[in-house]
Student: 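Mind having a look at this structure? Questions to follow.
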2 protein chains.
Amino acid sequence: MAAVKRLTQRDIAQLAGVSQATVSLVLNGTPLSRSRIPTETRERVEKVIRDTGYVADPVARKMVKGLNRILGVFTYEPAFPSGQADFFTPFLFGIEEAAQSLGYDLLLLTGAGQQRKIFGDNVRLRLADGCVILGRKFDNTELARLVAGDFPFVAVGRRDDAGGPVPYVGGDYAPATSALVERAKSYGHRRIAYVGLNEGAESTVDRWYGFSRSVGEAELVTSIFEVGRPPNEVLDILLSAGATCVFVTELADAIAIEHAARTRGLSIPDDLSIVVLGNHIRAEEPGRRFTSFAIPREAMARAATEMLVRRVEHDAPVEQLLLHCEPLEGDTLGAPSSKIKKTK
Amino acid sequence: MAAVKRLTQRDIAQLAGVSQATVSLVLNGTPLSRSRIPTETRERVEKVIRDTGYVADPVARKMVKGLNRILGVFTYEPAFPSGQADFFTPFLFGIEEAAQSLGYDLLLLTGAGQQRKIFGDNVRLRLADGCVILGRKFDNTELARLVAGDFPFVAVGRRDDAGGPVPYVGGDYAPATSALVERAKSYGHRRIAYVGLNEGAESTVDRWYGFSRSVGEAELVTSIFEVGRPPNEVLDILLSAGATCVFVTELADAIAIEHAARTRGLSIPDDLSIVVLGNHIRAEEPGRRFTSFAIPREAMARAATEMLVRRVEHDAPVEQLLLHCEPLEGDTLGAPSSKIKKTK
DNA sequence: CAGAAGTGCTAATGCGTATTAGCAGATAAT
DNA sequence: ATTATCTGCTAATACGCATTAGCACTTCTG
C-alpha cells in the first residue's frame, strides 16, 4: 500500500522526540552508556519501537558492526525437492533447533539459478555472520577459497583438507563400518562382498576404508564399485563368488538386491546376509529392517551449528568432529547357513 | 585467522591511480557513464582488480541499493518437527523454488521460543523485504496489524478480512468439496454424513460451505462436528443414521473409520463410501487410496511467493487467489449397495 | 562559591559502495 | 574570439546504523 519505505532510527527518534543516537543507545548501548539514559526516556523510545515494530536494518548493522545474528545455510543440492527431502530434512531440523536456542535466524541461500556456487556475483552469503554448508559433494575450489578466506563456516560431513583443515562435523563412518564387518565375521562369514562406490565423496571413502581395513584379503570375495547396476546381475556376481554376506552402501541397491534374492527363493539372512552402510532414508520404512548403522543427522547439524557460532562469536580455532554412529541390529545379518558354508 | 582487512575500492583506486568513484564506475557503470571512461584507464583498473582478487562487499552494496533480496518465511507452528514435516515441506519447497528463480534468499524465522509471534521482541521479520506466512491457524490480531502496516506479506491459505483484505493464495476447497458431493449424488447416494469441524480455520469453513451448499436438507443424515472421536462410536452413529456415504475432513479419522468398518465386515465402498476432503498427508501412502481432492501445495507456495515479490518490487495491490483442487479418483467412493438402499 | 563530578542528551563521524553534480581542459561550432 | 560541446575524471553525498566526543546543565565537594 504505502511506499515500501523502511522505518529508520531517525523516524523512531522523531516520534519519540529524541535523537537518532539515543535510539541506537537504547537498542544496544553498553551498560555504561545505558546508565546515562533515564528510565523515562528509555521507555518512551521502547514504546515507539514496540508500536511501530521497528527492527534495525541488518545490512546497515552489519556494515558497522560485522555481526547480524543470522546464520547462512548453503546447500549444494536444492534442499527441498522431494527426492532430497529425506536427506536434508533432519539436517535442517537440527540446524533450526540449534539456531533457535542460540538466538540466530537462518538465511537459506537458494543458490540462485542452475549452478549452485558460493562465490557467484551473488555473494549474498556474507550477509550472514557465518554459514553451514550441506551437500553430498562439495566443490573443492570453492572450499579452498572458503578455507583461505576469513568467512566463518562449518561443513556438515567430513571434508578432506582443502589448502588447510576444513572445520566440520561428520559421522564416524569408518569405525561404524568396521564394527559391522567384525560382527559379520563373528557370525562366521568368511566370504564377504562390497557393493557401492569406493571413491569420490569423503563419506564414501570413509566407508570403504573402514570396510577394507577390517576385511582380510582372503575374505573379500568380490567388489562392485558402482551403484545402480541391475540387481540380478549383481546377485549373479555375488553368488558365483560364493559370498555369504554383502555390504552395500546404498539402501536402494540393498532393497533391489534383497528383492532379487527373495524372488529366486533365497532366504535372508540364511542364504545371504545384507548389511547397509548408513540409514539413508527414514528409519520407519515398513517391511524389512536392514542391518546398518545410524547416522545421527540431527545431532550432527546441531553440533555443526554450535561450532559455527563458536567460530563466529569467539573466533574459535578450526575443529573437526566425528560423531559416533550406533549399529542398527536389523534382521538382514545372521549366521551363514551350513549348506552354503559347505560349498565354500 | 587474524581478521585480514578486506580490500576496498579505495585501495584499488590508490593502486590504479584513480579515484574510488572511477573504480565503482568501471565495475558497474551504466553504458552512459561507462563511455566516458577511456579504455586505457578502464583496463588499468581492471588489471588491479584482477591482480588483487577484489570483490565488492555485498553488504555495502545492498546498503546503498535498498532492498535485500530476502524473503522471510514465518510459520505459526514449528516447521521442521517430523509431525509437521509432511504438511510444511511442500510449501517450503514451493517457496524455495520460486524464491530461487526470482533471485531471492529465504530468511527462516526460528520463532525463538515457545510462543510464535510476528510482533514479538526478537522476531526480526523486518530484515526481509517481505514475508510469506504459513500456518493452519493465524493470530487474528497480528494479521490485522500486518494488514494495517506497510510491510509486504502474503498468506498461504485463504484468510478472512482482518480490518482489510488479506493478500493470500489458497486452495479452492469449496467447489472441490461441492464437486465430490455431486459425484456422490450421481452415484446414487441420498443419505450422506459429515465428520469433521465446521468452523474455526478458514479452510475448515470452506469445506463445510462447499459441502452444505451441494447437499440437500434431506440428504444430510447426520453430522459429527468434532475430530478424533472413537471410530466405533462414529461408525455406530453413521450406520444408525443409515448413511451410505460419509465425508471426512481429517484423513486420520477416515483411516480409523475405514478400519472400524472393515473390522465389522463392511465392504467399502459397497456398504459405505468414504470421501476425504483434501490430501493432508503424502499421497504415496501405501494401501487404500481415499477418494479426495488434491491440494496443490507447491503451486500455492510458488504463487504466493511470486505475489509477494510483486508486492515488494512493484508495490502491487492486494491480490487474492484460490487455486483449483483436482479431484482424486481413489477407490472409496462408489455406488451404494442395493441392500443398504433398501433399508432406507 | 569555585571547581569537580555527574547527568541527559546530541552532533559528528565512519563503515564501503553507488551515484550525481560538476570541474578543468580540450576540441568544435559560430 | 567567444561560446558550446565533449572528454576524463573526481568531490561529495546518501544509505542506516553504532559509536565517540563533548555540550549544557545540575549536583556534589572542599
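Every heavy atom of this structure was used, including side-chain atoms; hydrogens, water molecules and symmetry mates were not. Letters go in sequence order (proteins before strands), and every chain restarts at 1.
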Student: Rounded to the nearest Å, what distance is computed from the CZ atom of residue B:Arg42 to the P atom of nucleotide D:dT7?
Tutor: 15 Å
Student: C:dT10, D:dC17, C:dT17: which one has an atom nearest the side-chain heavy atoms of B:Val64?
Tutor: C:dT17
Student: Without decimals, in angstroms, what is the distance between B:Met63 CE and D:dA14 P?
Tutor: 12 Å
Student: Between B:Tyr168 and B:Gly157, what is the shortest heavy-atom contact and its length?
Tutor: CB-O, 3.4 Å
Student: Which comes earlier along DNA chain D counting from the 5' end, the contact point of B:Thr41 or that of B:Ala60, where each point is its nearest nucleotide?
Tutor: B:Thr41
Student: Between C1' on D:dC15 and CZ on A:Arg10, what's the gap in Å once rounded to a whole number?
Tutor: 9 Å
Student: Which pairs pass salt bridge (charged side-chain N to carboxylate O under 4.0 Å, His left out) with one or both residues in residues 54-68 of chain A, sequence neighbours excluded?
Tutor: A:Lys62-A:Asp129
Student: Verify the neighbour count for atom CD of A:Glu313: are there more than 12 heavy atoms of other residues, nucleotides or ligands below 6.0 Å?
Tutor: yes
Student: Among the nucleotides D:dA18, C:dT17, C:dC15, which one has an atom lying closest to any side-chain atom of A:Gln20?
Tutor: D:dA18
Student: Given atom CD1 of B:Ile12 and atom P of C:dA18, what is their separation to the nearest angstrom?
Tutor: 13 Å
Student: Which nucleotide wins on minimum distance to the side chain of A:Asp57, given the candidates D:dC17, D:dC15, C:dC9?
Tutor: D:dC17
Student: Without decimals, in angstroms, what is the distance between A:Ile37 CD1 and D:dT20 P?
Tutor: 14 Å
Student: Among C:dT19, D:dT10, C:dT10, which is the nearest nucleotide to the side chain of B:Lys65?
Tutor: C:dT19
Student: Any side-chain N or O of A:Tyr54 below 4.0 angstrom from OP1/OP2 of D:dC17?
Tutor: yes
Student: Under 4.0 angstrom, heavy atoms only, what part of the nucleic acid is B:Val59 near: base, sugar-phosphate, or nothing?
Tutor: nothing
Student: Using ring pair (Phe, Tyr, Trp, His ring centres under 6.0 Å) as the criterion, list what pairs up with A:Phe91, not counting sequence neighbours.
Tutor: A:Phe87
Student: Let me spell it out: for each of A:Thr22 and B:Thr22, pick the nucleotide of DNA chain C with the closest heavy atom. Which residue's pick is nearer the 5' end?
Tutor: A:Thr22
Student: Could you tell me whether the phosphate oxygens of D:dC17, OP1 or OP2, come under 4.0 Å of any side-chain nitrogen or oxygen in A:Ser24?
Tutor: no
Student: Need one value for B:Arg36: base, sugar-phosphate or nothing, where a base atom within 4.0 Å counts as base even if backbone is also close, heavy atoms only.
Tutor: base
Student: A:Leu25 has an atom CG; how far is it from atom P of D:dA21, in whole Å?
Tutor: 14 Å
Student: Regarding B:Ala21, tell me which of base, sugar-phosphate or nothing describes its non-hydrogen contacts under 4.0 Å with the strands shown.
Tutor: base
Student: How is B:Val23 classified with respect to the nucleic acid when contacts are heavy atoms under 4.0 Å: base, sugar-phosphate, or nothing?
Tutor: nothing
Student: Does OP1 or OP2 of C:dC9 have a side-chain N or O of A:Ser19 closer than 4.0 Å?
Tutor: no
Student: Cationic tip of A:Arg69 within the cone over A:Tyr104's six-membered ring, i.e. under 6.0 Å and within 45° of the normal?
Tutor: yes
Student: Mind calculating the distance between CG (B:Asn28) and P (C:dT17) to the nearest angstrom?
Tutor: 10 Å
Student: Is A:Glu40 paired with A:Arg44 through a side-chain N to carboxylate O contact shorter than 4.0 Å?
Tutor: no
Student: Rounded off to whole Å, could you give me the CG-to-P distance for the A:Asp11 and D:dG16 pair?
Tutor: 9 Å
